[in-house]
Number of protein chains: 2
Amino acid sequence: MEKNLKIINACDTNCPVKKSLSILSGKWTMMILYQINTRTIRYGELKRAVVGISEKMLIQELNSLVEHNLVSKKAYPEIPPKVEYKLTELGLKTLPIIDQIAAFGLENLV
Amino acid sequence: MEKNLKIINACDTNCPVKKSLSILSGKWTMMILYQINTRTIRYGELKRAVVGISEKMLIQELNSLVEHNLVSKKAYPEIPPKVEYKLTELGLKTLPIIDQIAAFGLENLV
DNA sequence: AATATTTCTAACTATTTAGTAAGCACCCAA
DNA sequence: TTGGGTGCTTACTAAATAGTTAGAAATATT
């Protein structure tokens, strides 16, 4: 499966790493994906889970993730508002990345 | 191995994802690791491989990676200078992350 | 004597990204 | 009538990140 990633080409505009990072980079993006993970989660819960993020950033990131089709959003017409987020099929495919990043942090960083 | 990463805690200062990203985030960092990969590579080669990066950024990133012990540097006392970089043992442990990111890009992004 | 080579530094500027603070909408409960 | 809970927006400011330009150092080659 991950056999011949050793055949390396220069990182130009078609570099798969560059393309992935164009969507996944940013201070909060991967932490949000990590927190959503396999669950369905409300905006408020997520805000509490991602400690330190501002509402502006969280909304901004979520909008961007929805735009990129990594996250889906379901708003219930209730008062007070209730909005749920979860990973799309594509979003779920980022979890192996996140898992590796988490594992690296756990095993190697203080 | 990656069994119970489902037990999720809030992302505070001890979040492994956050800790990893503090080292690995940035526009060029992972692309540089991807390019170095398992080889020993000179500064100039690397510069050609990471298309679009400026010398300042490349040096800055390499210094930071050396500081974080992901990359080792060997300078030969020659003129013109010759400097080789390669991943350390710790740096090699980031390759599974990079591989996942590359795979995601290849399989899912245009 | 002038020029090219290779790695790296420094000063300065521009751009991108993130943080702060205030407020809106809606309905319910006190 | 006031205030609370929830999700979100806007305007403004600050900080982090990246780009540009110029140049140094020592030798080989022209």
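Labels below follow one simple rule: chain letters A, B, ... track the order of the sequence lines, proteins then strands, and each chain is numbered from 1. Here the structure is a predicted model, which means the values were calculated and not measured.
Taking a heavy-atom distance under 4.0 Å as the criterion, the stretch of DNA chain D touched by chain A extends 5' to 3' from D:dG5 to D:dA11.
Nearer the 5' end of DNA chain C, as judged by each residue's closest nucleotide, is the contact made by B:A75, out of B:A75 and A:P80. The nearest heavy atom of DNA chain D to B:S25 and to A:Y43 marks one nucleotide each, and the one closer to the 5' end goes with A:Y43.
For C:dC8, one of the phosphate oxygens OP1 or OP2 lies less than 4.0 angstrom from a side-chain nitrogen or oxygen of B:K73. Between B:R42 and the phosphate of C:dT7, there is a side-chain N or O to OP1/OP2 separation shorter than 4.0 Å.
With a 4.5 Å cut-off on side-chain heavy atoms, A:I23 and A:T94 do not count as touching. By the 4.5 Å heavy-atom criterion applied to side chains, A:P96 and B:F104 are not counted as neighbours. The side-chain heavy atoms of A:Q35 and A:L46, taken from C-beta on, include a pair separated by under 4.5 Å.
One N or O on the side chain of B:S20 and one on the backbone of A:I101 form a donor-acceptor pair closer than 3.5 Å.
Rounded to a whole Å, the CD atom of B:E84 is 12 Å from the P atom of C:dC8. As rounded to whole Å, 9 Å separates atom C1' of C:dT7 from atom CD1 of B:I79.
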Please list, for nucleotides 19-24 of chain C, all pairs of protein and nucleotide N/O atoms separated by less than 3.5 Å.
unit_1, atom_1, unit_2, atom_2, d
C:dG19, OP1, A:K27, NZ, 2.9
C:dG19, OP2, A:W28, NE1, 3.1
C:dG19, N7, A:K56, NZ, 2.9
C:dG19, O6, A:K56, NZ, 2.1

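The two atoms that bring B:H68 and B:L90 nearest to each other are O-CD2, 3.8 Å, heavy atoms only. Minimum heavy-atom separation, B:I97 to B:L24: CD1-CD1, 3.8 Å.
In this structure, B:Y85 reaches the sugar-phosphate backbone alone: every heavy-atom distance under 4.0 Å involves primed, P, OP1 or OP2 atoms, never a base.
Within the cation-pi definition used here (under 6.0 Å to the ring centroid, within 45° of the axis), A:K73 does not qualify as a partner of A:Y85.
Contacts classified as side-chain hydrogen bond (donor to acceptor under 3.5 Å, both in side chains) and involving residues 40-52 of chain A (residues at least two apart or in different chains) are given here: A:K47-A:E55.
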